Amino acid sequence: MPVSISELIRKSGISVEGIETVRWNNRPKNSEVGIYIVSTCQNPNLNCNLYSTAPIDDNVLNFWLNKVSALQIDYELAPTMVQVRDRLTQFWLPDENILYIGMTNSKKGIAGRVGQYYRTEIGERRPHAGGHWIKTLKILSNLYIHYFPDKTPKQTEEKLLRTFIEQVPKKTLKNLKDKNLPLPFANLELEKGNKKRHGIIKSKIYGQ
């Protein structure tokens, strides 16, 4: 069944002393390596503020398509805004508050990595294009970043993602395009080479 962030951490067998939270576009206070999670819910103990359909911003999609003219869906050139919106919507999990799970082992720490995440415009590869589907949403100002330090962030991120996949309800799986890898909306890869079959390619300037 759908989980809160705290439940996901507990079910993953991870020990965390405390989770800190900031609203989107605010800088985390922690400069250690660790985990950050983008959520619709301010309280990490709840699964709240859910959206039954993906709140996609059509203006952002048009900007994205104009910026990255090479973007394709299923290798077809020049998709329409509606086609892109429909494809993204097929990966939305309406009963989950967790939209993206990320990690950093950079010396810039969580604060630096999340700052890069905020600054990276959709269609750009740098400084941090991971989870760039988040930027297609019109609810950014209503999102929260939950974070905690972790000494093995890459391994912890994978544990969290695997636990998330395991708890997605069958009724939700039925409506997803990729039923084999029901990751959070903006996570596109479980591990290197194991990616969502979303078909949106060449979505960033200078390659995929």
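Any value given below was found using the heavy atoms of this structure, including those in side chains, with hydrogens, waters and symmetry copies removed. Please read all numbers here as calculations on a predicted model, not as lab measurements.
- Remark: side-chain polar atoms of Asn30 are paired, donor with acceptor, to backbone N or O of Glu32 under 3.5 angstrom.
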When you look at Thr156 and Asp150, which way does the side chain to side chain donor-acceptor pair (under 3.5 Å) test go after all the steps?
-> CA-CA 8 Å; Thr156 297; Asp150 187 275; 2.8 Å; yes
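- Listed by chain and residue number, Tyr117 satisfy the ring pair (Phe, Tyr, Trp, His ring centres under 6.0 Å) test with Tyr100 (two or more places apart in sequence, or in another chain).
- Partners of Gln116 according to the side-chain contact (heavy atoms from CB on, under 4.5 Å) rule, which considers only residues two or more places apart in sequence or in another chain, are Lys108, Arg113, Arg119, Pro127, His128.
- Every residue two or more places apart in sequence or in another chain was checked for a salt bridge (charged side-chain N to carboxylate O under 4.0 Å, His left out) with Glu189, and none qualifies.
- Side-chain atoms of Asn97 and Ser39 include a donor-acceptor pair closer than 3.5 Å.
- For Phe185, the ring pair (Phe, Tyr, Trp, His ring centres under 6.0 Å) criterion is met by Trp92, Trp133, not counting sequence neighbours.
- Under a 3.5 Å cut-off, the side chain of Gln167 and the backbone N or O of Phe164 do form a donor-acceptor pair.
- A donor-acceptor distance shorter than 3.5 angstrom exists from the side chain of Asn26 to the backbone of Arg23, with no hydrogens or angles considered.
- Neither side chain, Gln83 nor Asp86, offers a donor N or O lying under 3.5 Å from an acceptor on the other.
- At distances below 3.5 Å, not a single donor-acceptor pair connects side-chain atoms of Tyr36 with backbone N or O atoms of Thr104.
- At least one donor-acceptor pair closer than 3.5 Å links the side chain of Arg87 to the backbone N or O of His198.
- The salt bridge (Lys or Arg N to Asp or Glu O under 4.0 Å) analysis of residues 46-58, with sequence neighbours excluded, yields the pairs Asp58-Arg85.
- Proximity of a side-chain donor or acceptor of Thr163 to a complementary backbone N or O of Lys159 within less than 3.5 Å is detected.
- Ionic pairing of Arg162 and Glu158 is present here: one or more N-O contacts between side-chain nitrogen and carboxylate oxygen are shorter than 4.0 angstrom.
- By the neighbour-count criterion of 12 heavy atoms within 6.0 Å, atom CZ of Arg126 is sparsely surrounded, having that number or fewer from other residues, nucleotides or ligands.
- Panel note: side chain Glu96, backbone Leu93; no donor-acceptor pair is recorded below 3.5 Å.
- Placement of Leu161 and Ile9 within a single hydrophobic cluster is found when ILVMFWY residues are connected by side-chain heavy-atom separations under 4.5 Å, directly or transitively.
- With sequence neighbours excluded, the residues satisfying side chain to side chain donor-acceptor pair (under 3.5 Å) with Ser6 are Asn45.
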Go through the steps to decide whether Phe148 and Glu20 satisfy the test side-chain contact (heavy atoms from CB on, under 4.5 Å), and finish with yes or no.
-> CA-CA 6 Å; Phe148 57 90; Glu20 296 187 76; over 6 Å; no
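- Side-chain atoms of Val16 and Ile14, non-hydrogen and from C-beta on, do get closer than 4.5 Å to each other.
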